[in-house]
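Read the structure below first, then the notes.
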Amino acid sequence: MGSADEDPNKPISFYDSSSPSQPLLSTKPSPIEEPTTTSQPDPSESDSNQYLQISYNYGPRPFKDLPFLVLFFIFVLTTFGFGIFSICNRNSNYSNVSAFVYSATSSSCVKDSASLSLSLFDSWVLVGSGFSSSSSDLLRALIWTLVVTLILSVPICFFLLLLLKRYTKQIVYVSLPFFVLVPVFINVYWFVACTLSSTCSDALPLVYRILVLVFVFLIIGVVVWIIVANWHRIELTIKIIGIASDALSKNLGLFLVLPLLTLGLVVYYAPIVVFLVFSRFNGKIVPKDESDGLYKCVWKQDSWVPAYFTLAILTMLWSLTAMVEAQAYVISGTTAQWYFSKEDKKPRQSIRSSLRNALGPSSGTVCLSGLVICVVRVVRAAVDSARQEDVPGCVNLILRCCVNTLLTAVEFLNKFTINFAAITGEGYCSSARMTYELLKRNLLSAVFVETVSTRLLAGIIFVVSAFYTIAACAILQGVTKLGVDSYFIAALAWVLLIVILSFFVHVLDGVIDTVYICFAIDRDRGEVYKTHVHEVYVHLPISRNHPPSYAPRTLSV
């Protein structure tokens with residue numbers, strides 16, 4: 001990591017003009033030198049000097065966590081190697097098990113040509129009779145609706161980003177009533193529509209409709225309680241969202257790079273899915289002894305196929321989490337370069353350099369971070385599976401609570417670790433330790449993840465997608481004769497739009513977390529790179545054990 005003296009974008013310190021690199025909380029006077037005594041350097045002082053040099057690393061970065069990158073490549077190569085073997089070693093008779101009969105003379109299963117031709121004829125008849133004009137109309141309307149939704153989602157995202165950047169307060173306060181009104185409208189509408197429809201009322205009796213209506217109203221009540229409980233943080237959250245939207249608007253290239261990473265993962269998944277399909281064709285048809293001395297021909301899979309399924313699924317999960325962490329790395333690196341640049345100077349090729357670091361020197365760190373998240377997901381799925389089995393016992397309940405708490409803590413630590421690694425280029429373990437020390441040294445909450453901003457953004461995209469779905473449903477009802485199927489198509493359009501807008505919120509959340517780490521680095525160095533960020537983030541709650549030591553104020557350089 002480069003020191004502050006080598007950083008061309010270094011701002012003027014306002015905390016201590018004589019000692020620009022002195023951290024906020026360090027007020028210890030320098031010790032008196034004794035010329036006659038040669039003292040050994042204090043390890044704590046060397047650690048402190050290391051922390052004083054925390055900044056964005058613009059220079060070349062060394063490769064970190066290489067063993068985990070090698071392990072990841074071993075998983076991938078093994079998956080592809082056995083997948084290619086499964087294609088070459090497949091048994092073409094897998095789908096024709098019913099065409100085989102047991103032969104007593106050879107004590108094995110032999111092919112019956114008559115039943116084979118009959119089964120092929122039946123399959124073609126079934127395929128040919130599976131299409132109708134009504135289903136084709138439904139499919140055509142569904143495809144056109146999803147295509148139009150996909151195209152319109154791009155301007156919707158950019159328009160929403162522009163509104164959040166310039167009119168954050170207005171957008172939030174206008175959207176808040178709809179957090180309640182839209183669910184209430186949908187709840188009442190389906191209840192009335194189902195009551196008036198004879199088909200729906202016969203399928204769902206009045207008692208069950210009332211129970212569903214009351215249950216949805218209870219959920220709406222919980223939403224109202226969450227809004228009221230967090231009302232005192234609304235103003236601060238609005239400013240945080242505004243800062244993140246401004247930072248994201250300066251790096252619009254992220255909306256091209258991040259979807260391309262997702263598309264690359266889909267392309268990478270395609271051969272693995274093909275391998276999984278063909279691996280099921282590895283085996284042979286063997287006779288199975290049934291009662292009364294009769295034999296039946298059944299398919300017997302090769303013994304290595306279940307192990308290959310496990311390997312391929314774990315590889316896919318690890319690849320997914322590594323891709324998500326690579327996206328977080330690119331978001332953090334790009335945002336940090338924006339933060340640590342001068343107000344009148346735009347960083348050059350920030351997205352390209354962050355992507356190059358994520359796929360190059362820090363690829364091992366990204367793989368390790370993805371492995372941690374993958375393990376957390378697998379363990380959490382196992383815990384949830386054990387919960388569904390309803391195993392009795394107080395000890396089992398306590399163990400589940402402890403495991404969930406530990407997994408949540410690991411997720412929080414990993415979230416800030418990848419942000420710090422993108423800024424400094426450090427390895428995973430060093431980033432985790434230095435992130436914890438950085439936040440602890442500056443009395444900042446190590447579990448701060450602005451959940452209010454995430455909930456507000458989630459509510460906003462829910463309102464936007466709900467209005468779009470209502471408009472799409474009205475258009476489908478007016479221009480088509482699909483009837484009830486139009487609600488199904490509108491619901492799928494809502495799912496597609498909410499997924500795309502959720503990705504937008506995910507990127508914005510990553511920017512918020514990165515700005516928080518950059519603010520902590522600024523406080524630690526006693527510097528201000530972005531004055532308007534300090535004016536907002538200085539109001540954030542610090543650790544519960546350390547109440548605020550200063551009143552809210554406007555910072556000046």
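Just so it is clear, the structure is predicted and the values come from calculations on it, not from any experiment.
At a cut-off of 3.5 Å, with distance as the only test, no side-chain donor of S431 or T417 sits close to an acceptor on the other residue. In this structure, a donor-acceptor pair under 3.5 Å is absent between the side chains of Y56 and T424. For the residue pair T454 / D509, a side-chain donor-acceptor distance below 3.5 Å is found, with atom types taken as modelled.
In this structure, S153 contributes its side chain and L150 its backbone to a donor-acceptor pair below 3.5 Å. Counting only distance, with no hydrogens or angles, the side chain of K530 and the backbone of Y339 share a donor-acceptor pair below 3.5 Å. Side-chain atoms of E325 never come within 3.5 Å of backbone atoms of V366 as a donor-acceptor pair (strictly under, hydrogens ignored). Checking side-chain atoms of W190 against main-chain N and O of N187 turns up a donor-acceptor pair under 3.5 Å. Using modelled atom types, one side-chain atom of T79 and one backbone atom of F75 make a donor-acceptor pair closer than 3.5 Å. A donor-acceptor pair under 3.5 Å is absent between the side-chain atoms of T335 and the main chain of S332, judged by distance alone. Using a distance-only test at 3.5 Å, with no hydrogens or angles considered, no donor-acceptor pair links the side chain of N357 to the main chain of G425.
Not less than 6.0 angstrom separates the ring centroid of Y468 from the ring centroid of W494.
Note on ring orientation: taking the six-membered ring where Trp is involved, the planes of F178 and F467 are perpendicular (angle over 60°, cut-offs 30° and 60°).
Using a 4.0 Å cut-off between a side-chain N of Lys or Arg and a carboxylate O of Asp or Glu, E535 and K239 do not qualify as a salt bridge.
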